[in-house]
Amino acid sequence: MTERIVIVGAGTAGIVLANNLSDELADEIDAGDVAVELVNDTEEHVYKPTWLYVPFGEKTPADATRPLAPLVDDRVTLVIDRVDGVDTESKAVSLASRGETRPYDHLVLAMGAQVTPEETPGLAEGGHHFYGPAGATALREELSGFTEGHLVVSVVGVPHMCPVAPLEFALIADAWFRDHGLRDDVELTYTYPIGRAHGIEAVAEWAGPLMDERDITVETFFNAERVDPDDEVIHTVEGRDLDYDLLVAIPPHDGSDLVRDAGLGDDGWVDVDPNTLEARGADDVYALGDVADLPTSKAGSAAHYAAGALADRLASVARGERPTAEYDGKTVCFIESGTDEATYIAFDYDESPVPKEPSKLIHWSKLGYNQSYWLTARGVL
Ligand SMILES: Cc1cc2nc3c(=O)[nH]c(=O)nc-3n(C[C@H](O)[C@H](O)[C@H](O)COP(=O)(O)OP(=O)(O)OC[C@H]3O[C@@H](n4cnc5c(N)ncnc54)[C@H](O)[C@@H]3O)c2cc1C
């Protein structure tokens with residue numbers, strides 16, 4: 001009998017897992033003992049970190065996208081379709097356009113996160129964001145014509161993908177307006193929902209003085225309740241009003257209805273054991289990447305390291321061995337500080353991060369990594 005591993009979603013988490021499994025289980029797959037199937041709803045693989053650079057004209061959405069099939073190892077069966085149902089009793093997923101079900105022995109959910117600006121009244125009409133190709137392109141247009149006024153960068157929804165990206169955006173925007181000789185005419189404000197500039201304390205401590213130095217006002221305990229697009233005002237739960245001329249908001253995020261419908265997590269994120277990545281709501285179901293409810297950042301690096309651990313675990317299970325590999329929460333995030341410099345943080349479930357002194361070397365390392373990402377997706381790096 002062939003043991004079937006089905007992975008839903010071929011973003012960073014799903015593709016790294018599939019390629020690692022094909023490497024680790026090459027003999028078993030060749031012998032017909034194991035089959036790895038990767039299901040994705042588009043024919044493309046997207047590297048989302050590229051979108052940060054689109055509003056500033058440094059990248060285009062096309063730079064973030066490559067055809068999926070050549071990135072996936074030949075031993076993996078790639079299926080282009082949308083999974084529209086998960087039945088953990090009969091152990092099968094259903095495919096929307098084929099109208100058929102696929103049985104699994106082990107199911108891995110890696111559907112990522114969705115942005116839902118419509119959840120905050122007025123936000124979709126009144127705000128811009130760089131958390132998708134269309135949004136980043138529209139923001140590019142706005143920024144190129146923005147020569148004076150109040151630019152507000154507001155973190156509306158948490159958790160969100162790449163927790164440091166809003167800070168990066170504010171710092172890059174500051175440098176960009178300086179380069180264009182416009183900084184004296186542009187007021188910059190950054191808002192965050194809790195009582196400091198970032199959820200990770202060490203990042204907040206690092207960013208606070210830097211934002212001060214760069215004349216970026218930081219508003220904390222700022223939870224947008226609604227946006228008035230006509231009057232260009234953000235109204236908060238705390239009863240404050242903030243005028244803007246250009247609003248760049250990090251929209252609320254959502255997991256997946258598949259998760260809710262399958263009883264794997266009420267809020268759309270899969271409730272998992274943080275080390276084994278096993279879903280708590282069903283047997284032989286795992287989750288990793290942004291759709292997993294893990295006590296770390298929703299970051300590609302976390303997805304990458306978690307995929308390595310899960311590949312080891314699933315390979316052991318497929319060979320009838322006891323799985324011992326565990327994900328320790330390892331996450332590494334570069335943080336652009338705007339003026340051709342960057343820092344980075346590395347942490348896990350036990351170790352808190354300590355941001356390094358920003359340097360040009362780290363900035364170039366981030367850009368270099370972004371180029372070599374496609375090898376990561378292939379499972380090479
Ligand atoms: C602007 C921005 C900047 C970022 N910068 C960084 C950074 O510098 N460093 C970093 O580590 N991370 C960064 N991230 C976060 C990183 O991109 C995500 O954490 C990462 O993409 C998560 O990978 P994933 O595989 O879980 O989800 P995704 O990459 O979102 O992939 C999910 C896949 O599942 C597919 N899918 C969804 N639903 C279905 C379904 N029902 N059926 C079939 N397929 C489905 C989707 O089409 C997609 O291919 C950034 C994110 C953004 C938005």
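Numbering of ligands and ligand atoms starts at 1, following listing order.
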Going by the atom numbers of ligand 1, which of them fall below 4.0 Å from some non-hydrogen atom of [X]?
X	answer
Asp81	43 (C)
Ala110	32 (C), 33 (C), 34 (O)
Gly289	26 (O)
Lys298	15 (C), 19 (O)
Phe130	1 (C)
Leu258	41 (N)

Looking at [atom], what's its closest protein heavy atom, distance included?
atom	value
atom 33 (C) of ligand 1	Gly11 N, 3.5 Å
atom 17 (O) of ligand 1	Lys48 CB, 3.4 Å
atom 49 (O) of ligand 1	Asn40 OD1, 2.8 Å
atom 44 (N) of ligand 1	Asp41 N, 3.2 Å
atom 53 (C) of ligand 1	Tyr131 CD2, 3.6 Å
atom 12 (N) of ligand 1	Gly300 N, 2.9 Å
atom 50 (C) of ligand 1	Cys162 CB, 3.3 Å
atom 8 (O) of ligand 1	Lys366 NZ, 3.5 Å

| said: Determine whether the aromatic ring centres of residues His363 and Phe334 are separated by less than 6.0 angstrom. | reply: no
| query | Is the ring centre of Phe56 less than 6.0 Å from the ring centre of Phe177? | reply | no
Taking atom types as modelled and ignoring hydrogens, do the side chains of [X] and [Y] form a donor-acceptor contact shorter than 3.5 angstrom?
X	Y	result
Thr331	Thr296	yes
Tyr192	Ser154	no
Asn19	Ser22	no

| request: Determine, for Trp269 and Lys298, whether the Lys NZ or Arg CZ falls below 6.0 Å from the six-membered ring centre while staying within 45 degrees of the axis. | output: yes
| Ring-face cation of Lys330 near Phe347 (centre distance under 6.0 Å, axis angle within 45°) | no
Is it true that [X] and [Y] make a salt bridge, defined as a side-chain N closer than 4.0 Å to a carboxylate O?
X	Y	answer
Lys91	Asp105	no
Arg102	Asp81	no
Glu278	Arg313	yes

| message | Working note: Glu43 + Leu68, criterion side-chain contact (heavy atoms from CB on, under 4.5 Å); need CA distance, chi angles, decisive distance, verdict. | response | CA-CA 6 Å; Glu43 291 185 353; Leu68 179 55; 5.6 Å; no
Would you check whether [X] has a nitrogen or oxygen atom less than 3.5 angstrom from a nitrogen or oxygen atom of ligand 1?
X	value
Ser301	yes
Val8	no
Val83	yes
Asp290	yes

